[in-house]
Amino acid sequence: VQLEESGGGLVQAGDSLRLTCAAPLVTFSAYTMGWFRQAPGKDRSFVAGISSMNANTYYADSVKGRFTISRDNANNTVHLQMNSLRAEDTAVYYCGATRSLGTAVTVRDSRGYIYWGRGTQVTVSA
């Protein structure tokens, strides 16, 4: 199963972008979904996650208050609204799906994700 991200692009600092992940999963609502990012020369890092049950949301400290994750179970999509973008947000953003419980610990661990997209580039110019 291949997830598909869209919505990336080149923007200026302070601008907004909305990323979308389409997930062709038969039981999409049963998956906890996460957004990760990878900047050049760095490891992939957690950005935001939303649990399968109750849609609890979790954020990396660096994006808290600026990014919002949401899910649409009727359309098998998850979104990442990114506001007040900064140059340090520049990265390839990946969407992932995991069957693990969406806790504050498991949602951040990329090793638990079983499906991934190919990523979408976000570039923020200073």
Between [X] (side chain) and [Y] (backbone), is there a donor-acceptor pair under 3.5 Å?
| X | Y | result |
| --- | --- | --- |
| N76 | A23 | yes |
| R99 | I114 | no |
| S51 | N56 | yes |
| T32 | S52 | yes |
| Q2 | W116 | yes |
| E5 | G119 | yes |
| S84 | R66 | no |

Quick one: closest heavy-atom pair of [X] and [Y], and the distance?
| X | Y | answer |
| --- | --- | --- |
| Y94 | G117 | CD2-O, 3.6 Å |
| T57 | Y59 | OG1-CE1, 3.7 Å |
| A39 | A91 | N-CB, 3.8 Å |
| V78 | S70 | CG2-O, 3.0 Å |
| T77 | A22 | CG2-CA, 4.3 Å |
| D72 | F28 | O-CE2, 3.9 Å |

side-chain contact (heavy atoms from CB on, under 4.5 Å) between D109 and F46, intermediate numbers included: CA-CA 8 Å; D109 188 351; F46 170 76; over 6 Å; no
Derivation of the side-chain contact (heavy atoms from CB on, under 4.5 Å) call for L3 and M33: CA-CA 11 Å; L3 310 185; M33 303 297 294; 4.2 Å; yes
Steps toward side-chain contact (heavy atoms from CB on, under 4.5 Å) verdict (T106, T98): CA-CA 9 Å; T106 61; T98 174; over 6 Å; no
Can [Y] be reached from [X] by stepping across I, L, V, M, F, W or Y side chains whose heavy atoms are under 4.5 Å apart?
| X | Y | value |
| --- | --- | --- |
| L19 | Y58 | no |
| M82 | V47 | yes |
| V63 | V92 | no |

Going by heavy atoms in the side chains, are [X] and [Y] under 4.5 Å from each other?
| X | Y | result |
| --- | --- | --- |
| F67 | W35 | no |
| D15 | V124 | no |
| R37 | D89 | yes |

Aromatic centroids of F36 and Y113 separated by under 6.0 Å: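 Yes, ring centres under 6.0 Å apart.
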Q81 CD to L17 CG distance, which is reported to the nearest 0.5 Å: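 Reported value, rounded in 0.5 Å steps: 8.5 Å.
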Gap separating the OG1 atom of T120 from the CG atom of L80, nearest 0.5 angstrom: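 Rounded to the nearest 0.5 Å, the OG1-CG separation comes to 11.0 Å.
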No-hydrogen, no-angle side-chain donor-acceptor test under 3.5 Å, T123 and Q121: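 A pair is found: one side chain offers a donor N or O, the other an acceptor, under 3.5 Å apart.
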Within 6.0 angstrom of E4 CD, more than 12 heavy atoms from elsewhere: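 Not more than 12 within 6.0 Å, no.
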